[in-house]
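Read through the structure below, which is laid out as structure tokens, and then see the notes.
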Amino acid sequence: MGDTRLMKGNEALAEAAIRAGCQGYFGYPITPQSEILEYLADEGRKRGMIVLQAESEVASINMVYGGAGAGARVMTSSSSPGISLMQEGISYIACAELPCLIVNVNRGGPGLGTIQPSQGDYFQSVKGGGHGDYRLIVLAPSSVQEMADFVYDAFDLADKYRTPVLILADGALGQMMEKVEFREYIPADHVPPKPWATTGKLKERARNFVTSLHMQPEQMEEVNKHLQAKYRTIAEHEVRYELVAADDAEYMIVAYGLAARVSHRAVQLARAEGIRVGLLRPITLWPYPSAVLQSIASRLQGVLVVEMNAGQMVEDVRLAVEGRAPVHFYGRMGGVIPGPDEVVRALRAIVHNEVAQAAEAH
Amino acid sequence: MGDTRLMKGNEALAEAAIRAGCQGYFGYPITPQSEILEYLADEGRKRGMIVLQAESEVASINMVYGGAGAGARVMTSSSSPGISLMQEGISYIACAELPCLIVNVNRGGPGLGTIQPSQGDYFQSVKGGGHGDYRLIVLAPSSVQEMADFVYDAFDLADKYRTPVLILADGALGQMMEKVEFREYIPADHVPPKPWATTGKLKERARNFVTSLHMQPEQMEEVNKHLQAKYRTIAEHEVRYELVAADDAEYMIVAYGLAARVSHRAVQLARAEGIRVGLLRPITLWPYPSAVLQSIASRLQGVLVVEMNAGQMVEDVRLAVEGRAPVHFYGRMGGVIPGPDEVVRALRAIVHNEVAQAAEAH
Amino acid sequence: MTHELLAAGFGGQGVLSMGATLAYAGMIEQKEITWMPSYGPEMRGGTANCIVIVSDERISSPIVTVFDTVIALNQPSLEKFEKAVRPGGLLIYDSTSTLTPPTRTDIQLVPIPAGDEALKLKNTKVLNMIVLGAFLDRTHVVNVDSVMKALRKALPERYHNLLPLNEQALRRGMELAGQPAMV
Amino acid sequence: MTHELLAAGFGGQGVLSMGATLAYAGMIEQKEITWMPSYGPEMRGGTANCIVIVSDERISSPIVTVFDTVIALNQPSLEKFEKAVRPGGLLIYDSTSTLTPPTRTDIQLVPIPAGDEALKLKNTKVLNMIVLGAFLDRTHVVNVDSVMKALRKALPERYHNLLPLNEQALRRGMELAGQPAMV
Amino acid sequence: MSPEITQDLTAEEQEQLECVYAKPETLTETRFHYCPGCGHSVVHRVLMEVVEELDIQDKTIGIAPVGCSVFAYHYMNIDMQGAAHGRASAVATAVKRLLPDRYVFAYQGDGDLAAIGTAETIHTCNRGENIMIVFINNAIYGMTGGQMAPTTLLGMKTSTSPTGRTVETAGFPIMITNMIAMLPGVAYVTRQSVETPNAVRQLKKAFTKGFQYQKEHKGTCFIEVVSNCPSGWKMTPLQANKWLVENMFPVYPPGDIKVPA
Amino acid sequence: MSPEITQDLTAEEQEQLECVYAKPETLTETRFHYCPGCGHSVVHRVLMEVVEELDIQDKTIGIAPVGCSVFAYHYMNIDMQGAAHGRASAVATAVKRLLPDRYVFAYQGDGDLAAIGTAETIHTCNRGENIMIVFINNAIYGMTGGQMAPTTLLGMKTSTSPTGRTVETAGFPIMITNMIAMLPGVAYVTRQSVETPNAVRQLKKAFTKGFQYQKEHKGTCFIEVVSNCPSGWKMTPLQANKWLVENMFPVYPPGDIKVPA
Amino acid sequence: MAKGKVTFDIETCKGCELCIEACPQLSLALSSKINAQGYHYAVLIKDNCTGCVNCALVCPDAVITVYRQKKKSKTPVARITNVTQNITVTIDDERK
Amino acid sequence: MAKGKVTFDIETCKGCELCIEACPQLSLALSSKINAQGYHYAVLIKDNCTGCVNCALVCPDAVITVYRQKKKSKTPVARITNVTQNITVTIDDERK
Ligand SMILES: Cc1ncc(C[n+]2csc(CCOP(=O)(O)OP(=O)(O)O)c2C)c(N)n1
Ligand SMILES: Cc1ncc(C[n+]2csc(CCOP(=O)(O)OP(=O)(O)O)c2C)c(N)n1
Ligand code: SF4
Ligand code: SF4
Ligand code: SF4
Ligand code: SF4
Ligand code: SF4
Ligand code: SF4
Ligand SMILES: [Mg+2]
Ligand SMILES: [Mg+2]
């Protein structure tokens with residue numbers, strides 16, 4: 001069983017960060033993710049990581065900026081309100097092209113909300129909660145194993161593209177325990193060195209500086225064009241998703257994270273009832289797996305988007321489907337997790353309604 | 001000429017706020033909107049307004065929370081990075097249902113960016129830059145006159161729906177001067193009293209409290225359902241837009257704010273060339289005028305979205321058009337303003353290309 | 001084989017650690033497992049519950065609303081979750097603290113006087129192990145050796161002196177579950 | 001009638017206030033107007049320019065890239081904006097500070113020795129008014145009385161003693177513009 | 001243990017005794033959710049006693065923080081606002097400026113006031129906002145489960161200082177109250193506690209003064225209460241109060257730090 | 001005015017004179033964008049002279065703020081990061097923790113350090129981060145066009161205090177440096193200026209000490225420079241420096257406030 | 001009879017024992033019974049309470065009401081107003 | 001000849017006059033000419049500069065280079081190593 005352990009998602013993520021060679025963690029406590037800081041304050045420090053409990057999330061994200069700018073592999077984590085406070089800093093990091101990992105263990109909002117699991121921060125994560133045109137690579141794990149695995153991936157992607165990567169997990173993924181196997185971390189060989197980092201100006205090179213400021217709009221437009229070009233490259237190469245029972249599907253559920261796990265079960269239950277339904281689980285929420293959805297949309301009778309929010313990802317689904325199939329939405333809000341049975345009910349309603357409509361049409 | 005004055009957009013907005021009976025302004029300097037604070041620090045104070053230069057944008061937005069919670073008509077203003085810092089506070093205000101006005105005089109991002117005009121904060125404004133499911137009513141003026149007029153409207157909408165309203169203006173609208181006529185402010189008669197405000201618990205009523213916290217997810221879900229129902233009402237009743245030369249249009253430009261002014265000119269120029277093009281100018285960016293777009297989409301040969309960003313509102317356009325017509329995008333970034341000639345060029349390319357394609361098809 | 005369990009009780013009764021122990025034992029037996037706490041407000045007190053799924057296959061949803069077994073260690077939990085047992089499923093409850101016993105007839109009721117038995121073992125902390133023993137006896141989801149191994153691994157060394165007591169509690173629970181229902 | 005003007009120069013030369021004065025005068029004449037500064041970095045210095053549009057109709061874009069008139073008060077501005085004049089349009093420039101005069105032949109060139117004239121008037125601050133006078137003479141976009149009214153309204157009382165000088169400068173500019181080009 | 005005696009008042013007692021202490025009307029019926037022995041609820045009660053005695057329930061507006069006392073508005077029977085984490089004093093500033101004849105207080109924990117809210121706290125006090133700030137210093141983040149606070153003592157073990165707070169990693173416990181006392185806009189600064197009846201009596205006096213000074217427009221009143229967190233400290237309430245006296249007081253000695261001239 | 005004399009060195013002079021002062025190599029060729037007479041650039045130069053003299057160009061990492069000195073990295077020929085407004089000390093904290101053998105400094109204006117960045121400043125100092133903070137106090141927001149700063153003097157007119165700063169609206173000028181000096185993690189606190197040659201010499205010594213103490217792991221070094229803002233103050237550079245001596249120094253007297261034991 | 005007495009809202013008590021520690025008379029203890037919240041609640045165990053209020057002051061849950069022997073009544077026995085001339089009033093102090 | 005001299009990078013000067021104020025010898029003044037930035041730049045107007053460096057210290061734009069009469073050279077005239085016995089070395093100070 002080697003390195004297989006029973007752990008909370010938060011702990012698995014923290015352990016993976018240590019193994020991925022994360023050198024600095026800067027964060028502020030907030031439920032349901034404080035275990036990340038707590039685990040690192042203990043294990044991380046023992047294993048040589050710089051772990052600093054900052055005075056706030058604003059300080060945390062700016063420490064991440066500093067650490068990343070100094071060429072170190074660094075990260076922070078928080079939950080919804082804390083992530084909102086980081087939006088200015090994230091925009092700076094994206095613009096200054098600093099690689100780092102940001103973890104949002106999403107709780108129910110808006111406002112102080114609840115501490116229960118939610119996916120209410122989808123828009124903030126994928127459309128940019130901060131100002132200006134930038135994108136984060138957003139990875140959405142759906143198991144404790146993925147809470148660990150995606151950390152390796154996230155750091156490598158961050159370094160490869162000099163861009164902040166966000167792991168977006170709802171609170172349940174942080175709090176639940178599953179077994180997790182830690183594979184050895186081998187840095188992807190595309191991970192480049194960081195000659196741009198501010199480590200002290202050596203005689204043989206010009207000074208390095210990290211900035212997001214460009215006084216002339218034309219210059220700033222160039223920076224933006226560069227960023228947009230990078231984002232296109234990422235969108236071309238880094239889309240990740242999982243398809244379940246899609247081959248013969250007449251209906252597709254689209255869901256990510258915990259909602260995808262629930263929906264997976266719902267697919268099994270619905271198939272048992274004879275509904276030919278499959279599941280698309282986006283793993284990268286940005287870049288979004290629009291192409292796959294687009295390619296199968298026209299042979300579908302309907303798409304059901306299941307989210308733990310009021311309907312956010314559904315927009316990206318509709319953008320991909322573009323009217324080729326009806327898109328439906330089922331969501332629970334404010335920290336409530338839908339059960340597989342509810343999802344099946346929602347699906348049944350769609351199927352029956354369409355059958356009924358079809359009948360009417362005849 | 002009475003109350004007609006030549007003013008910068010920022011000043012006009014500030015003057016309108018005084019006239020609308022705004023009781024409290026809380027803000028922090030940032031270009032290109034500091035004139036709002038400066039005007040109010042002078043004129044506003046003279047005319048009895050509480051004007052406080054806060055220690056930061058985070059403090060500002062939380063002061064707005066406090067003031068609105070106490071039943072006063074209050075506002076803040078900032079520009080992109082400052083607005084990012086307010087995202088947690090805005091989410092709290094939306095959830096606690098506090099009426100207030102937030103002004104974002106958008107500059108080029110991301111990061112520190114430039115101080116020149118931009119529309120890079122569209123996503124942040126309309127999809128929610130803060131955590132959780134909430135919406136702001138977003139008004140997009142496109143002239144100095146509207147910088148003033150929309151303030152009256154914004155405060156009334158805020159009070160009517162107990163919701164924060166955002167005025168999103170690019171930097172040029174803040175800095176340019178046009179003549180502006182101040183009509184007398186008569187509060188809309190639907191503006192309700194504020195019995196929920198914390199003004200001191202009188203014997204005859206239960207205590208009031210302002211909060212966004214609900215420990216039980218089920219309770220929080222109720223709060224969310226209530227918010228979503230309110231948002232549906234707003235979406236039904238408060239969509240605002242302007243249509244120009246739409247009747248016979250084969251093509252439509254969709255643009256807001258300064259970009260709409262530029263596009264308006266482009267429409268004139270293109271019509272002179274014989275291109276049958278019209279303009280849809282969304283005034284409320286949320287709720288979005290999707291219905292009107294949807295209703296005309298199928299008779300269009302193409303839609304051109306013009307923005308001062310990398311392409312944000314274009315998603316809302318595509319969501320409305322849903323494949324009924326090809327949607328194109330033309331944008332400038334980082335503080336660069338497109339000229340009408342560029343827009344015409346972009347339009348021409350579309351028209352010719354489609355003509356070419358049509359020819360090919362034959 | 002997939003078994004879906006919900007365990008519920010007061011904050012201090014050790015339902016979460018009971019669930020975790022079961023999950024750990026499942027892991028030792030190379031099964032797929034998931035343990036999902038319903039975590040409460042950021043403050044103390046109140047009730048707690050967790051879902052534990054042990055399976056031979058990849059586990060899809062860690063959230064289920066109908067369970068093979070419900071374990072209820074106090075009256076409120078019993079009332080709340082009696083209806084969550086699937087027809088034919090198990091409802092194990094602490095009969096010592098139960099004022100109003102469950103009434104469903106389409107499920108198996110397993111009252112365990114766990115409170116009294118724990119007092120007899122002179123350590124109220126092992127109440128959860130007694131109930132876990134009963135669960136094992138009725139379901140054989142994992143075997144008792146795996147649970148003991150799990151405890152040995154999960155407990156810090158300084159508590160290892162308590163292992164025999166825990167084993168005693170487990171076995172007592174198995175015994176009690178073996179007896180015919182005493183309702 | 002719509003007239004689109006761009007005025008450009010160094011930070012301290014008063015191009016922005018010249019544009020604003022023109023806009024104010026337009027307002028006094030009940031026209032539609034827009035004044036758009038190209039505002040620079042948050043620090044001092046550098047060049048400044050503004051677009052002023054005066055029209056009888058609602059003004060669509062305050063941003064235009066081709067102008068009826070360009071006023072250039074220094075060499076860099078002249079070089080940058082010569083090409084922005086529409087064919088047949090006006091290019092008014094301060095010939096005192098110009099090393100390389102403009103070369104286009106499809107537009108009207110109006111060199112005004114504004115720097116020298118301002119020195120003659122013993123106040124370099126009125127350079128902008130001299131040029132504005134020249135503009136008025138050539139375009140009649142607004143009349144000079146409106147400009148004087150505008151100045152009276154816009155200037156704080158304590159500067160009203162400067163009004164006669166400003167009027168003198170305006171009129172001098174009109175005179176100079178009336179003379180044949182001295183290129 | 002002696003045999004129990006009648007717990008209710010006998011008829012005779014009802015005749016001869018008068019009530020000298022009862023829960024104030026300015027507290028609601030809702031039971032406190034705090035852990036057994038937690039100082040928060042004592043402070044709540046004392047504060048509400050003063051509001052009752054001064055008869056200012058209709059003029060008092062409280063601001064609750066994010067921290068264990070986030071639900072203060074469920075207990076205090078006055079108008080209240082729940083602020084975002086750390087921003088209570090900014091919220092209070094606006095309320096007071098817009099309603100200058102009301103009594104306004106912010107109630108905040110050490111994480112809320114001295115970590116994330118440092119800037120708001122200091123600037124509110126520097127502006128001399130005419131409000132009262134009640135600062136509950138329990139040297140830990142109670143609500144989130146016992147992480148290190150800026151006021152955590154050196155050597156103290158918390159979930160984020162598992163081997164004890166060290167100067168190298170986290171610096172010294174911050175003396176925020178003493179920093180605040182330096183600010184000329186601040187009128188009254190005192191450090192109190194609630195672990196004994198006498199301490200509670202002192203605190204009550206401090207609150208009374210705080211409201212009085214507010215009435216007199218003297219400036220900001222800042223009242224620190226050195227309090228406990230039995231759960232976070234992993235102690236019984238009695239142990240916690242003993243530990244508080246032995247360990248917190250040497251670092252945070254009770255007493256007035258600044259009084260109006 | 002006497003007739004102009006040869007401005008270049010004559011051949012004879014080249015032979016007999018040696019250069020005793022020239023722009024340090026640690027400054028780039030880029031011309032400062034600052035307004036005429038602005039203190040920022042003097043401080044930049046002095047700081048870089050010290051880096052040159054200590055020969056630590058390859059080990060020094062500076063953090064620039066958002067404020068007029070936002071472009072410091074265009075002038076200082078060392079590795080630098082531009083921080084978000086107010087957060088330079090948080091950025092510096094991370095850089096230093098991850099590269100503990102480098103010399104790290106944050107350079108910040110009064111708005112940046114003492115308004116929006118108050119929390120980061122105070123907690124960086126409270127943790128005793130082993131960095132140097134250079135604090136340029138010009139009592140105004142220079143970059144955004146002359147708004148009131150937290151250090152603006154009472155009565156001083158700015159664009160947001162058009163009739164002069166009053167205690168009622170804005171409180172007293174904040175003595176952030178003195179607050180910082182209270183923190184035990186802070187090793188060295190001094191207030192300097194650059195309006196005379198001697199002041200410049202003193203500042204240079206202060207910077208030298210600051211780096212020295214950093215090498216010795218003494219804790220945070222905090223160097224305030226009372227500076228001018230001719231543009232924001234609407235004065236000529238000479239007027240500004242005179243005003244500074246007459247008005248700023250009484251409130252912000254130069255001198256050491258804390259020195260290491 | 002004792003000079004004072006305390007009563008408890010036992011369902012609200014959390015058994016923290018702070019009142020017990022605070023009582024100078026050692027009049028209080030935890031009951032062996034538990035309330036619905038699961039706590040052993042505080043009770044009066046001796047008849048020597050002085051009504052000093054100490055226990056109530058430290059009780060975090062506002063559980064305790066304290067009674068004390070009535071002081072000589074301070075309610076007025078008569079109300080005399082509009083006095084325009086000197087008068088003499090004598091009070092008969094033997095009401096009970 | 002004066003003991004010192006200063007030179008200016010006139011295109012960089014912003015004419016702030018701080019150097020003029022700082023010079024104890026009153027050796028400096030603004031030129032009547034302006035540079036490309038539009039500023040009247042500082043120049044040396046007297047031959048009495050002592051090379052005290054004051055002007056350069058206060059100059060915000062690092063415009064000024066200061067020269068001073070060379071001190072007696074401190075560069076070694078010879079290098080003597082591996083001395084194992086007492087030796088005597090005399091320096092002829094008349095190099096020029
Ligand atoms: C922006 C934000 N960050 C973090 C949190 C999580 N959080 C809630 S309370 C708290 C600290 C509580 O500690 P303290 O202020 O000392 O209050 P106590 O609970 O000890 O009374 C934290 C970090 C939050 N709700 N919001
Ligand atoms: C979040 C944010 N808020 C506000 C600003 C605007 N801003 C830029 S610099 C500055 C203050 C400058 O003052 P100071 O720190 O004193 O520096 P100085 O320019 O005086 O040297 C402000 C408010 C910003 N860039 N970012
Ligand atoms: S966690 Fe601590 S502060 Fe919070 S209620 Fe419990 S004892 Fe009180
Ligand atoms: S605005 Fe002030 S601080 Fe900024 S460069 Fe000019 S003089 Fe210096
Ligand atoms: S009132 Fe005094 S004597 Fe009576 S029980 Fe309470 S503490 Fe003891
Ligand atoms: S102090 Fe209050 S809560 Fe604690 S034991 Fe006594 S009565 Fe109960
Ligand atoms: S070096 Fe000294 S004497 Fe020479 S010009 Fe400069 S200040 Fe004057
Ligand atoms: S101090 Fe420097 S910039 Fe100022 S006038 Fe003298 S040389 Fe020029
Ligand atoms: Mg605390
Ligand atoms: Mg400043």
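The sequence lines fix the lettering, A, B, ..., with proteins before strands; numbering per chain opens at 1. None of these values were measured; they are calculated from a predicted model.
Note that OG of A:Ser77 is 10.0 Å distant from CD1 of A:Ile30, once rounded to the nearest 0.5 Å. The distance from the CD1 atom of A:Ile167 to the CG atom of A:Leu285 is 11.5 Å, given to the nearest 0.5 Å. Atom CZ of residue F:Phe222 and atom CG of residue F:Leu183 lie 10.0 Å apart, to the nearest 0.5 angstrom.
Of the atoms belonging to F:Ala83, it is backbone heavy atoms, and not side-chain ones, that fall under 4.5 Å from chain A. Of the two parts of A:Leu213, the backbone and the side chain both hold a non-hydrogen atom closer than 4.5 Å to a non-hydrogen atom of chain F. Neither the backbone nor the side chain of A:Ala96 comes within contact range of chain F; no heavy atom of the residue lies under 4.5 Å from a heavy atom of that chain.
In this structure A:Lys46 satisfies the side chain to side chain donor-acceptor pair (under 3.5 Å) test together with A:Asp42, sequence neighbours excluded.
Options A:Gly89, A:Ala54, A:Ala70, A:Ala72 differ in how many heavy-atom pairs under 4.5 Å they form with chain F, and the most are formed by A:Ala70.
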Which donor-acceptor pairs fall under 3.5 Å between chain A and chain F:
from, atom 1, to, atom 2, distance (Å)
A:Glu55, OE1, F:Arg127, NH1, 2.9
A:Tyr65, OH, F:Gly82, O, 2.5
A:Gly66, O, F:Gln81, NE2, 3.1
A:Thr198, OG1, F:Gln81, NE2, 3.0
A:Thr199, N, F:Asp79, OD2, 3.0
A:Thr199, O, F:Arg102, NE, 2.6
A:Thr199, O, F:Arg102, NH2, 3.1
A:Gly200, N, F:Asp79, OD2, 2.9
A:Arg205, NH1, F:Asp79, OD1, 2.9
A:Arg205, NH1, F:Asp79, OD2, 3.3
A:Arg205, NH2, F:Asp79, OD2, 2.7
A:Arg207, NE, F:Tyr73, O, 2.6
A:Arg207, NH2, F:Tyr73, O, 3.0
A:Asn208, N, F:Asp79, OD1, 2.7
A:Asn208, O, F:Met80, N, 2.9
A:Val210, N, F:Met80, O, 3.0
A:Val210, O, F:Gly82, N, 2.8
A:Thr211, OG1, F:Tyr73, OH, 2.7

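Of all the heavy atoms in F:Ala181 and F:Ile257, the pair that sits closest is CB-CG2, 3.6 Å. Closest heavy-atom contact between A:Leu40 and A:Ala14: CD2-O, 3.6 Å.
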Derivation of the side-chain hydrogen bond (donor to acceptor under 3.5 Å, both in side chains) call for A:Asp156 and A:Tyr161
CA-CA 9 Å; A:Asp156 288 352; A:Tyr161 294 105; over 6 Å; no
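Of the candidates A:Val64, A:Ile83, A:Val165, A:Ile102 forms a side-chain contact (heavy atoms from CB on, under 4.5 Å) with just one, namely A:Ile83.
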